[in-house]
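Below, chain A is the first sequence line, B the second, and so on; all start at residue 1. Just so it is clear, the structure is predicted and the values come from calculations on it, not from any experiment.
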Amino acid sequence: MPQELSKAYEPGAIETRWAEYWIKEKLFSVKTPAEGETRPVFTLLLPPPNVTGRLHMGHMLNQTQMDIIVRWHRMRGFITLWLPGTDHAGIATQMMVEKQLETEGKKRREMGREKFVERVWEWKKLYGGAILDQMKRLGASVDWDREYFTMDENLSHAVREVFVRLYEEGLIYRGNYIVNWCPWHETAISDLEVKHEEVAGKLWEIRYPVVGSSEFITVATTRPETMLGDTAIAVNAKDERYTHLHGKFVRLPLMGREIPIITDELAQPEFGTGAVKVTPAHDPNDFQAGLRHHLPQIDVMDSRGRMNANAGRFEGLDRFEARKRVLEDLREQGFLVGEKDHTLAIGKCDRCGTVIEPRLSEQWFIKIKPLADRAREAVESGEITIVPENYRTIYLNWMANIHDWCVSRQLWWGHRIPAWTCGACREVIVARSAPEACGKCGGKVEQVPDVLDTWFSSGLLPFTTLGWPEKTRDQAVFYPTTLLITAYEILFFWVARMIMFGCHFMQGHKQDAAIKRAGGWGDKKNDSVPFRQVYIHALVRDAERQKMSKTKGNVVDPLEVIERFGTDATRFTLAAMAAPGTDIAFNESRTEGYRAFANKIWNAARFMFMNVERVKPGLRPGRTAEGGCPHMGVAGFEILNLEDRWILSRFNRVAGDVNEALGSYRFHEAANRIYDFFWGEFCDWYLELIKPRLNFEEGGDESAGRVACANLVNLFDGALRLLHPVMPFITEEIWQAMYEGTPPVKSIALAAYPAADAAQMDLAAETEMAILQDLIVSVRNLRAEMKIEPKVRIPIEVFAPEAGIRNLIEQNHGAVERMAGVEKITFVDRALAALGGSRGTARFDVHVVYERKIDVATECERLRKELEKIEKELANNQRQLGNEQFLAKAPAKVVEGLRRRAEELAVLREKTTGKMRELGCG
RNA sequence: GGGCGGUUAGCUCAGCUGGUUAGAGCGCCUGCCUUACAAGCAGGAGGUCGCAGGUUCGAGUCCUGCACUGCCCACCA
């Protein structure tokens, strides 16, 4: 007999067991397909979580969606590669380890670079795998044999290769520019790592005395402390207020040096006083103006945002303290002439929240325009599609306005820039490996201390994980990857960079032509793109729609949710709530509901096993001739009764819908379709309907019982396969039990995914079943209203003028009797709708024969409401049907449907009013 | 300063390309321990689809404006 399922559904044990099994059996490891392989390939790169990461709901949503799509493809016969790995996460990891050192009373700088990096590696070894371990709990069906780390030697080698090539192509340059500087991290960061925040600030007006005159020129500034580094005052050439001052000098207050008044469009007459101080070393606009006018650049701060020697007596003060002191001094000396409220957007470091200091420093940049142009083209032309489509526009706009990318970081943890400077002649050498000496003067060289932005290496992953720069078979097969599923947050950080790098470095690449292209993916021929489609998923928020954040303390820990409700239920929640384009407010009550769903499946399975043991021992689900799982909806299903035709038809329809929904990332629709089918149709109706057949001992047909049992098993098998991508664990557990340890394939994850089979659909059966359901519900309804005790079986009378309907009910009288607690059905030739204890529908009247006083007032109230609804709808229908324009323009199907409905409504109105008359309702 | 999204039942959300009666879960009410399941079963109440116009034979769905709300982008003092 089949393996026993425990009485209670306890997800914990089941889930760990199968997660381990899948890994142990290497079920998701993909061998490189040989030449001549023609099966379609599906490749997906896991957005690498940070080594420092702990799994949060965002990951879980992301990974659930990926796993659903991946499992779905694998079951449909694709060679399916899902590539996992982790990111070294330069800044984040360095911070983490530094904090750890702090608790030991150690400092990074005292330790020295080499020791520190060693320490980070140790840390990585100990804790770096945490997030991937957590992933295993989710059942993510990744290929663990191909797991990578962005600092692995082969990937690092590729990073160096890319850097050198870009440099040789003139796409990387080094120079002194204003960059976003985080004084806390003491490193440059890219534009993307700066978050702007509106704050209520002040606009101070400072007057500078004009040299050789008693006049002053007043400038407005939000950052008075930078005046210490002013090297000019700018006015607009067109601004007549200042024409007489062109070419003159002012004496810089507090510092005493003379600086010129220049004309530059930097100064806009409308803003402030129309005159602006120019501080080339501390503002990007001023920097540009400074270049235009060959102004000196005076840096007045150090790397930690403290004033340096150039700031005179303010040296050593923190920049904010310096601001206060500068203002005090200016006020005292009569230079501060105005102070206004002013809201401004200040940039803060994405990671630590420190106010960014625009800082002049020597950095490495990628000349982005040539790369961006091709990356934009790839999306514009449809070589890469972005879903939902509105992100396409966002992407294109961003690409069109992109600035050069500062890729150097003043950190120790990361890919060191492959560049060396000569100690003697300052020559810069960019090379694949360390040069022995300076090629120019023979001097000693030293490697540049900077490392690369983390996103530099992750941007290369689609091809570096497949062996680049070697030309590998893996690349020929798996590149371009098929799909990328990710959050909007990293569209620019990561997705955009992958497209730029992919298009550049994989130019001319051709995917193995023998590999079948799956429909919908990559109909365009350009194979240099890193992926053919990007699906952007929603953000997971808390139940109050707030963004989850540690500081708010509203983070929902997925592992805790899993602990309580199970992975399957949690996955199902995320899938069921993931409508494309809208954020998910994670609500635990939903998860609770889906655990109940899992429990329902569990118990339905127990019911099945109970019957297999009793009715048809040794029964297994049907297999194909080759011994595999049926590809079509259900195999080995034998039709005896209406309910068989009906459920088979429903199953196929649902399978069709689910496949379609998954194909367009409508996860919620797929999940809900399965849920409704399994619970609302399979359990509520089908199982109940076949129970009498299974209980043939009480005088029923034994062979029909055995068929029913076989049908149950085969249908269950199909339903499990349909559900498996969303709830992998419970489906595996039950499915394995059904095969008693000898399944046709090692796991349901490798079984065939059900597809809709038109031959198994039966519209007539669905219509007939709906009528029976209507009759059963009507009787249940009446019983509830009449407060008939559940145990009492009552006789009913049915009036069905159409012979077909009468036959239908007659043939299925057993089902009606059982499902509605009916003792006997008597067919009569007179209308019954007007009687007490009766209900009239368009097709039949049913009367419950039972002596019970009916609360006339309540009944009348109910009828009044119903009549109102009927009349409202009927009036609406008739208005439309009387409209010639409608008849002429609306599709025939709609008109026809409306007409039929109007006829029904007329009948219902007749029956309802008749009854009201009979009851004497007012 | 630009751009994008949301507003549907008490709560959380579906409702794809406009088409007959706007759905689900949770919560609520009534009745049931009916031998798969009380994490269950049966029945029920509850909505002028944010507001105002417009297009259309027909609008929750398309257009315009407004209100509230959330997000992203942005080197202007």
Side-chain angles (χ1 to χ4, degrees), chain A residues 5 7-9 178 180 191 196 203 219-223 234 266-268 271-273 275-279 283-288 342 344-345 347 358 390-391 393-394 397-398 401 403 488-489 491-492 539 541 543 545-547 576-577 579-587 589-590 592-611 661 664 666 668-669 672 675-676 683-684 687-688 691 777 780-781 783-785 787 789-791 821 869-870 872-873 876-877 879-880 883-891 893-902 905:
Chain A
L5 294 189
K7 184 149 197 301
Y9 165 60
I178 291 267
N180 303 300
D191 294 349
H196 295 269
L203 192 60
V219 301
T221 181
T222 55
R223 303 200 50 206
L266 179 68
Q268 290 177 6
F271 191 93
T273 59
V276 58
K277 62 196 261 317
V278 185
T279 323
D283 181 280
N285 291 310
D286 294 11
F287 175 77
Q288 291 300 331
H342 180 70
L344 68 159
N390 57 316
Y391 291 110
T393 324
I394 296 174
N397 283 338
W398 187 78
N401 299 312
H403 297 282
Y488 170 70
E489 296 172 288
L491 180 61
F492 305 134
L539 213 64
R541 300 168 174 282
R545 299 217 127 259
Q546 297 287 307
K547 204 168 169 173
M577 298 187 76
T582 36
D583 285 346
I584 294 173
F586 189 84
N587 200 319
S589 69
R590 293 283 292 261
E592 210 177 327
Y594 293 126
R595 182 192 50 181
F597 177 53
N599 188 55
K600 186 80 183 173
I601 296 167
W602 188 259
N603 281 296
R606 287 180 54 227
F607 175 76
M608 167 179 66
F609 287 133
M610 210 179 79
N611 283 291
S664 48
R666 297 201 303 274
H668 67 298
E669 200 179 307
N672 286 327
Y675 180 98
D676 290 340
C683 290
D684 287 351
L687 290 189
E688 293 303 327
K691 273 180 183 173
V777 170
R780 285 172 176 171
N781 237 311
R783 295 181 60 118
E785 276 159 24
K787 302 208 191 313
E789 292 75 15
K791 278 182 188 143
K869 253 175 87 179
I870 291 168
K872 202 172 144 197
E873 196 192 334
N876 194 36
N877 278 14
R879 187 174 49 75
Q880 285 202 71
N883 185 328
E884 275 174 45
Q885 297 255 41
F886 170 73
L887 297 176
K889 289 184 186 171
K893 222 175 119 185
V894 174
V895 177
E896 170 64 14
L898 211 60
R899 205 163 260 151
R900 211 169 324 144
R901 178 67 186 158
L905 286 168

Between P of B/G43 and CD of A/E785, the distance in whole Å
12 Å
Which atom pair, heavy atoms only, marks the closest approach of A/A576 to A/Y594?
CB-OH, 3.4 Å
Between B/G19, B/A39, B/C41, which nucleotide has the shortest distance from any of its atoms to the side chain of A/K600?
B/C41
Across every strand shown, the nucleotide meeting Watson-Crick or G-U wobble geometry with B/C4 (both distances under 3.5 Å) is B/G70
Check A/A661 against A/E669 and note the closest heavy-atom contact, atom names and distance.
CB-CB, 4.0 Å
Closest to the A/H668 side chain: B/C57, B/A14, B/C4?
B/A14
Does B/A36 have OP1 or OP2 sitting under 4.0 Å from an N or O in the side chain of A/K691?
yes
Need the pair for B/G25. Rule: Watson-Crick or G-U wobble, both distances under 3.5 Å, any strand; none if unpaired.
B/C11
Report the residue (A/M608 or A/L266) whose heavy-atom-nearest nucleotide on RNA chain B is the more 5′ of the two.
A/M608
Has A/K691 got its NZ or CZ under 6.0 Å from the middle of the six-membered ring of A/F607, at an angle within 45 degrees of the ring axis?
yes
Rounded to whole Å, please give me the gap between NZ in A/K787 and P in B/G44.
13 Å
Without swapping roles, check the side chain of A/N599 against the backbone of A/R595 for a donor-acceptor pair under 3.5 Å.
no
With C1' as the reference atom in both, quote the distance from B/U61 to B/C49 in angstrom, rounded to an integer.
10 Å
Nearest to the side chain of A/V777, which nucleotide is it out of B/U21, B/G43, B/C75?
B/G43
Hey, does A/P891 reach any base, or is it just sugar-phosphate, or nothing, if we go heavy atoms under 4.0 Å?
base
In Watson-Crick or G-U wobble terms, with both distances under 3.5 Å, the base opposite B/A42 is B/U30
Can you establish whether the number of heavy atoms outside A/E789 located under 6.0 Å from its atom CD is more than 12?
yes
Report the distance from atom CZ of A/R595 to atom P of B/C26, rounded to the nearest whole Å.
12 Å
Just how far, in rounded Å, is P of B/C72 from NE2 of A/H196?
12 Å
Would you mind classifying the nucleic acid contact of A/A267 as base, sugar-phosphate or nothing, using non-hydrogen atoms under 4.0 angstrom?
base
Base, sugar-phosphate, or nothing: which does A/N877 touch, judged by heavy atoms less than 4.0 Å apart?
sugar-phosphate
B/C13 versus B/C66 - spacing of their P atoms, nearest Å:
27 Å
Between A/R900 and A/E896, is there a side-chain N and carboxylate O pair less than 4.0 Å apart?
yes
P gap between B/C51 and B/C68, integer Å
15 Å
Assign each of A/A576 and A/R666 the nucleotide of RNA chain B bearing its closest heavy atom; nearer the 5' end lies the nucleotide of A/A576
Quick check for you: among B/C13, B/A42, B/C75, whose closest atom lies nearest to any side-chain atom of A/D684?
B/A42
Does A/E688 make a side-chain donor-acceptor contact with the base of B/A42, cut-off 3.5 Å?
no
Kindly indicate whether the side chain of A/N285 and the base of B/C75 share any N or O donor-acceptor pair separated by less than 3.5 Å?
yes
Rounded distance in Å between the P positions of B/G65 and B/C29:
46 Å
Here the gap from A/K872 atom NZ to A/L905 atom CG, rounded to the nearest 0.5 Å, amounts to 13.0 Å
For B/G2, take OP1 and OP2 only and decide whether either is under 4.0 Å from a side-chain N or O of A/N401.
no
State whether the side chain of A/D283 and the backbone N or O of A/T279 hold a donor-acceptor pair below 3.5 Å, judged by distance alone.
no
What's A/G593 touching, base or sugar-phosphate or nothing? Going by heavy atoms closer than 4.0 Å.
nothing
Nucleotide nearest A/F886 when distance is taken to its side chain, options B/C57, B/C37, B/U12
B/C57
B/A74 P sits how many Å from A/L344 CG, rounded?
16 Å
Can you name the nearest heavy-atom pair linking A/K277 to A/D286, along with the distance?
O-OD2, 3.4 Å
With respect to the phosphate group of B/G44, does any side-chain polar atom (N or O) of A/N781 fall under 4.0 Å of OP1 or OP2?
yes
Using a heavy-atom cut-off of 4.0 Å across all strands, would you classify A/Y9 as base, sugar-phosphate, or nothing?
base
Taking B/C4 as the reference, what is the distance to B/U64 when you measure between their P atoms (whole Å, please)?
11 Å
A/R590 side chain near B/G25 phosphate (N/O to OP1/OP2, under 4.0 Å)
no
Considering only B/C37, B/A36, B/G5, which nucleotide approaches the side chain of A/N390 most closely?
B/G5
Separation of atom CG in A/N672 from atom P in B/G15, rounded to whole Å:
10 Å
Gap in Å between the two P atoms, one belonging to B/A52 and one to B/A14, rounded
24 Å
Roughly how many Å is it from CG in A/N603 to P in B/G40, rounded to a whole number?
10 Å
Nucleotide of B/G40, B/A74, B/C57 approaching A/A596 most closely (side-chain heavy atoms):
B/G40
Gap in Å between the two P atoms, one belonging to B/C71 and one to B/G19, rounded
33 Å
Is a donor-acceptor contact shorter than 3.5 angstrom present between the side chain of A/R901 and the base of B/U21?
yes
When the C1' atoms of B/G25 and B/G15 are compared, how many Å lie between them, rounded to an integer?
15 Å
Nearest to the side chain of A/E873, heavy atoms from C-beta on, is which of B/U21, B/C4, B/A39?
B/U21
To the nearest Å, give me how far apart CG (A/L898) and C1' (B/G58) are.
10 Å
